[in-house]
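The structure displayed is predicted, hence computed values, not measured ones. The sequence lines fix the lettering, A, B, ..., with proteins before strands; numbering per chain opens at 1.
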Amino acid sequence: MNVKTLLGERLQAALAQAGAAGAPPIVGPATRPEFGDYQANGALAAAKRLSTSPWELAQRVVDGADLTGIAARCEVTGPGFISLTIADEYLAQTLRGGRLDPVGGGSRVVIDYSHPNLAKEMQVHHLRSTIIGDAMARVLEALGYDVVRQNHVGDWGTNFGRLVAHLNDTGEDSEALGDLERFYTEASERFANDPAFAERARQVVVDLQGGDPQTLIRWQRYIDISMSHCQAVYDRLGVGLRPEHVRGESAYNDDLDGIAADLEAKGLVTESDGALCAFLDEFKGKDGKVVPIIVRKSDGGYVYHSTDLAAVRHRTGTLKAARVLYIVDARQSLHFRQLFALAERASYAAGASLEHHPFGMMLGADGRPFKTRAGGGTRLLDLLDEATERARRLVQTKNPALEADEVDRVAHAVGIGAVKYADLSKSRTGDYVFDWDAMMSFEGNTAPYLQYAYARIQSLFQRGRVEAGSLTGTPTIREPVEHALALQLVRFQETLEQVAATVMPHHLCTYLYDLAAAFMRFYETCPVLDSDARDDRLLLCRHTADTLSRGLGLLGIETVERM
RNA sequence: GCGCCCGUAGCUCAACUGGACAGAGCAUCGGCCUUCUAAGCCGGCGGUUGAAGGUUCGAGUCCUUCCGGGCGCGCCA
């Protein structure tokens, strides 16, 4: 149950009765404790339009609103705010322990995320797209949307010309592929310094796009090895991407001639310097000249505009998406604005909502692009190694009593969780500072704080010899800290709907942090096991544990029983 | 030059999209462990939200102009 939506409906009806039909109630959490749990600000704006007193209108809304059984208090405060306090009984009945209403109704959402470049191993800059996309996929699925994951891997184009050319020279069974990074570097150096090699590399691109069998075999060999590296990273990270979600640039190769012909037939492209381009007036660059969308290069090859157009058509046409979310870094903003505009004019959007959700760069503590400790490189695997290692040292310091295999599990959950949470907890629009010391201090708004809250509850259950699953019923709420905890628990649904709408997972992080903090306050104030209210409080603990676990799970973060 | 994003406490970040007195954590200072995990809880200190105008009953949020930073702007993706 989304309490915010429910309050909104009831207050909107009351506004209409009071003469302000259609006025939005504008319900949100109360900004201060003395204003209750929720507040509605709609009467202020509505009164302005009706030229009546805001206070009087708000009072009529309060008098007319049907909030029986929901609100314990509903009153006008200040110039015309409506302050609402939810009834304890209602909160208690609404507790769902992390279960969600399927508001998505099976609507299909395609999410394009991770999309590593297979020319080399995954780099740290692939982290953001991968984990934001993974979190969004999980959240939308949990809300009842029909999610289709699309890993639009970079497995095509000029990079692969030089790689396959180098593979041709070193031999099909090259041991060198064991070290993709070095192989890539060697190929790049030869391309830059050896004109004859560069010419062969360009020919390979033509052969690839033309479907030459021998070239495709070598290309496939390279792709397979690179993709297995990616899968290892996904497994290590615990993201839900699997081979069946891969639909790379190469998958659209056969569509490209058709796209070009179709755009020509629709009169959307013209030839310019030998290339086939679309010129959309709203996109201007240097010297005020229109920035072209290059559909086909002068050498007849295709670049990513065309591939992405084919992907749009696939997602809206074949997959029948209602929404397509592109979790791609902010530098691609112009590209996507151009892409969506051209797709619209070519009627490829098919009524679907095409959305680019950009994110900023990962910076080091020095404010420059982040590098790992291992050789100052940017391999994502090195970053994950370091995270787990740092977590292991910390876990051993904090709790020396843990068994060796338990240390492994906790170090993994905490290390990977800390990295993910540090990223997901920030609003994605800007750059963010990746600071090992801050995230590994494990204080404040971090994954380990949340994991710790969960472990404390599990410890309660163990100590009290309580089977969590046997805790059922509706608790009685007595204390203010219990009310605050129950209120926060009930806000799970509205928080996730907000995440789904904004594609901003950090709202879920903030929510979980507030939930854990509410629990910690409850835990400090209210004895559980040795209390007359034991059963009621155990129930609150169970709902908290379930919600923390579910919420962290939606972020792709594991919980542990002990830490 | 044009376009997009950003600028909030010493540091890292919020602020539910225009609502009440801008909130957390870190750092710093001070309290709380012979009872459920102190990776915790409670409190103090810390702000002209880059600047100046404007719209509004109300602006960190919207508009204009500056200042400062990042990114992008024709055959890579």
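- Searching all strands for a Watson-Crick or G-U wobble partner of G3(B) with both distances below 3.5 Å returns C71(B).
- The distance from atom CD of Gln488(A) to atom C1' of A24(B) is 14 Å, rounded to the nearest whole Å.
- Between C4(B) and Ser333(A), no contact under 4.0 Å exists linking OP1 or OP2 to a side-chain N or O.
- Between His335(A) and the phosphate of C73(B), there is no side-chain N or O to OP1/OP2 separation shorter than 4.0 Å.
- Counting any heavy atom pair closer than 4.0 Å across all strands shown, Asp273(A) reaches a base atom.
- Here Asp287(A) does not pair with Lys289(A) in a salt bridge; the nearest charged N to carboxylate O distance is not below 4.0 Å.
- The residue among Gly444(A) and Val414(A) whose nearest nucleotide of RNA chain B is located toward the 5' end is Gly444(A).
- For Lys398(A) and U37(B), the shortest distance from a side-chain N or O to OP1 or OP2 is not below 4.0 Å.
- Distances shown here put every side-chain N or O of His305(A) at or beyond 4.0 Å from the OP1 or OP2 atom of G74(B).
- Remark: C1' of A39(B) and CG of Asn399(A) are 10 Å apart, rounded to the nearest angstrom.
- When side chains are defined from C-beta on, Val528(A) does not count as touching Tyr523(A), because their heavy atoms never get closer than 4.5 Å.
- Here, C41(B) and A24(B) have their C1' atoms 15 Å apart, quoted to the whole Å.
- Among the protein residues, Met563(A) comes within range of the nucleic acid bases, having at least one heavy atom under 4.0 Å from a base atom.
- Here the straight-line distance linking atom CG of Leu11(A) with atom SG of Cys74(A) works out to 6.5 Å at 0.5 Å rounding.
- Syn is the conformation of U17(B), whose glycosidic angle sits no further than 90° from 0.
- Taking 90° from 0 as the syn/anti boundary, the base of C11(B) is oriented anti.
- Checked options Val499(A), Leu554(A), Val103(A); the residue passing with Leu143(A) is Val103(A) (criterion: side chain to side chain contact (heavy atoms under 4.5 Å, CB included)).
- Aromatic stacking is not marked for Tyr513(A) over A24(B), as the cut-offs of 5.5 Å for the centres and 30° for the planes do not both hold.
- Using P as the reference atom, A22(B) and G50(B) are 15 Å apart when rounded to the nearest Å.
- Between the CG atom of Leu363(A) and the P atom of G7(B) there is a distance of 14 Å, rounded to whole Å.
- U65(B) sits 14 Å from C5(B) when the P atoms are compared, rounded to a whole Å.
- Per the stacking criterion (ring centres < 5.5 Å, plane angle < 30°), Phe283(A) does not stack onto the base of G3(B).
- At a threshold of 4.0 angstrom between heavy atoms, the contacts of Cys526(A) include nucleobase atoms, whether or not backbone atoms are also involved.
- Contacts of Lys286(A) with the nucleic acid, taken as non-hydrogen atoms under 4.0 Å apart, include base atoms.
- Residues Val204(A) and Trp219(A) are not in side-chain contact: their nearest non-hydrogen atoms beyond the backbone lie 4.5 Å or more apart.
- Whole-Å rounding puts the Asn445(A) CG to G23(B) P distance at 17 Å.
- Remark: C1' of A38(B) and CE of Met520(A) are 10 Å apart, rounded to the nearest angstrom.
- Residue-level contact check: Thr31(A) touches the bases, meaning some heavy atom is under 4.0 Å from a base atom.
- Looking at Val395(A) and Met563(A), their side chains never come closer than 4.5 Å, going by heavy atoms from C-beta outward.
- In summary, Arg202(A) and Glu199(A) engage in a salt bridge, as defined by a charged side-chain N under 4.0 Å from a carboxylate O.
- Distances shown here put a side-chain N or O of Tyr523(A) below 4.0 Å from the OP1 or OP2 atom of U37(B).
- When heavy atoms are screened at a 4.0 angstrom cut-off, Ser459(A) is found touching base atoms of the nucleic acid.
- Pairing partner, C62(B): G54(B), with both Watson-Crick or wobble hydrogen-bond distances short of 3.5 Å.
- Taking side-chain N and O atoms only, Arg463(A) has a distance below 4.0 Å to OP1 or OP2 of U37(B).
- When the P atom of C73(B) is taken as reference, atom CG of Asp287(A) falls 15 Å away, rounded to whole Å.
- Residue contacts shown for Arg296(A) are absent, as no nucleic acid heavy atom lies under 4.0 Å away.
- C29(B) and C13(B): their P atoms are spaced 24 Å apart (whole Å).
- In this entry the distance linking CZ of Arg456(A) with C1' of C41(B) reads 8 Å, nearest Å.
- A cation-pi contact links Arg491(A) to Tyr38(A), judged by a cut-off of 6.0 Å to the six-membered ring centre and 45° from its axis.
- Atom CD of Glu497(A) is separated from atom P of C16(B) by 18 Å (rounded to the nearest Å).
- The residue Ala330(A) sits apart from the nucleic acid: no heavy atom pair falls under 4.0 Å.
- Pair assignment for C41(B) gives G31(B), based on Watson-Crick or G-U wobble hydrogen-bonding distances that are each under 3.5 Å.
- Contact annotation: Arg521(A) side-chain N/O to C42(B) OP1/OP2 distance is under 4.0 Å.
- Across all strands shown, C26(B) pairs with G10(B); the Watson-Crick or G-U wobble distances both stay below 3.5 Å.
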